[in-house]
Amino acid sequence: MKELLFGWVQDIAFYTLLMVVVLHVLPEKSQRKYLQFFMGVVLMILVISPFLSFLGLERKLDETYARQTYDQELLAFLEKQRAIEEEYQRHLEEKLYEARDEAEDLKERQEEEENGIPEIHIEIGEPEGEETP
């Protein structure tokens, strides 16, 4: 128990020291309030973490975080899958149209071959006005 209490105090002291160093190194004052807010939230979690673990809430907090992270990753995956399926569907439609056009061209060529190209017959006759002996 003494070791847990010492580790807890040590974590808080190290984090507080880290907070002070980061705040002094930060060049822009406009971002300072956001960083202080975030660091304050993390410090509160550090302070109450032993109580959460003692009450068994730490595991529930971890499970809730994991579930939310899983849900977000699942939504992102489903969105990517939908985009890939749409692209694949579009690709298939293009191939289908190309195949249809090729089939129509082939059919036209076959019909032309079956019917044959009409031959043009030119009869060469004798010129008018001239008589053959």
Side-chain angles (χ1 to χ4, degrees):
M1 179 71 175
K2 198 176 194 183
E3 293 173 8
L4 288 175
L5 184 61
F6 180 73
W8 178 56
V9 171
Q10 189 178 13
D11 288 344
I12 292 174
F14 176 74
Y15 183 74
T16 306
L17 181 64
L18 180 67
M19 249 179 31
V20 170
V21 170
V22 169
L23 287 175
H24 283 293
V25 172
L26 190 67
E28 295 184 29
K29 301 272 186 209
S30 62
Q31 296 175 353
R32 184 179 214 125
K33 62 182 175 181
Y34 300 112
L35 189 60
Q36 283 178 333
F37 173 75
F38 174 74
M39 291 178 139
V41 170
V42 172
L43 183 61
M44 286 189 327
I45 292 172
L46 269 175
V47 169
I48 64 172
S49 64
F51 302 109
L52 292 177
S53 62
F54 178 71
L55 297 174
L57 297 176
E58 185 176 89
R59 186 176 49 195
K60 288 183 181 180
L61 184 64
D62 289 341
E63 289 173 359
T64 303
Y65 175 74
R67 187 177 30 246
Q68 287 179 350
T69 303
Y70 170 75
D71 290 344
Q72 290 173 352
E73 289 176 359
L74 179 63
L75 288 175
F77 174 77
L78 291 175
E79 182 64 28
K80 287 179 185 177
Q81 181 183 10
R82 186 185 59 78
I84 290 171
E85 287 175 352
E86 287 176 359
E87 181 64 29
Y88 183 69
Q89 181 69 27
R90 199 170 22 253
H91 179 71
L92 284 178
E93 289 174 357
E94 288 175 5
K95 291 294 183 182
L96 180 65
Y97 291 137
E98 289 174 8
R100 186 191 64 192
D101 291 343
E102 287 178 15
E104 288 176 359
D105 290 343
L106 183 61
K107 185 178 178 182
E108 288 175 4
R109 278 188 261 143
Q110 286 177 346
E111 287 175 357
E112 287 176 0
E113 288 176 3
E114 287 175 2
N115 294 336
I117 299 175
E119 294 181 23
I120 300 175
H121 295 286
I122 300 177
E123 292 185 24
I124 301 177
E126 294 182 31
E128 292 180 23
E130 293 183 17
E131 291 184 24
T132 53

**Prompt:** About how many Å separate CG of L78 and CD of E85, when rounded to the nearest 0.5 Å?
**Reply:** 9.5 Å
**Request:** Decide whether L43 and V9 are clustered together by the hydrophobic rule: side chain heavy atoms of Ile, Leu, Val, Met, Phe, Trp, Tyr closer than 4.5 Å, transitively.
**Result:** yes
**Message:** Any salt bridge linking E112 with R109? Criterion: basic side-chain nitrogen under 4.0 Å from a carboxylate oxygen.
**Reply:** no
**Item:** F38 to Y15 - nearest heavy-atom pair and separation
**Value:** O-OH, 4.4 Å
**Asked** Out of curiosity, I84 CD1 to H91 NE2, how far, rounded to the nearest 0.5 Å?
**Response** 14.0 Å
**Item:** Spatial distance of atom CG (L106) from atom CD (E111) [nearest 0.5 Å]
**Value:** 10.0 Å
**Item:** Linked, directly or transitively: V20 and L35 (ILVMFWY side chains, under 4.5 Å)
**Value:** no
**Spacing of E3 atom CD and Q10 atom CD [to the nearest 0.5 Å]** = 11.5 Å
**Message:** Could you tell me if the side chain of W8 sits less than 4.5 Å from the side chain of L46, heavy atoms only?
**Reply:** no
**Request:** Kindly work out whether a path of hydrophobic side-chain contacts (I/L/V/M/F/W/Y, heavy atoms less than 4.5 Å apart) joins V22 to I12.
**Result:** yes
**Item:** Set of side chain to side chain contact (heavy atoms under 4.5 Å, CB included) partners for E104, sequence neighbours left out
**Value:** R100, D101
**Complete:** All heavy atoms of L18 vs all of M39, minimum pair found to be O-CE, 4.5 Å
**Asked** In terms of hydrophobic clustering (I, L, V, M, F, W, Y; side-chain heavy atoms under 4.5 Å; direct or indirect links), are I45 and V47 co-clustered?
**Response** no
**Request:** Determine, step by step, whether E86 and R82 satisfy the salt bridge (Lys or Arg N to Asp or Glu O under 4.0 Å) criterion, reporting the C-alpha distance in whole Å, the side-chain angles of both residues, the deciding distance to 0.1 Å, and the verdict.
**Result:** CA-CA 6 Å; E86 287 176 359; R82 186 185 59 78; 2.5 Å; yes
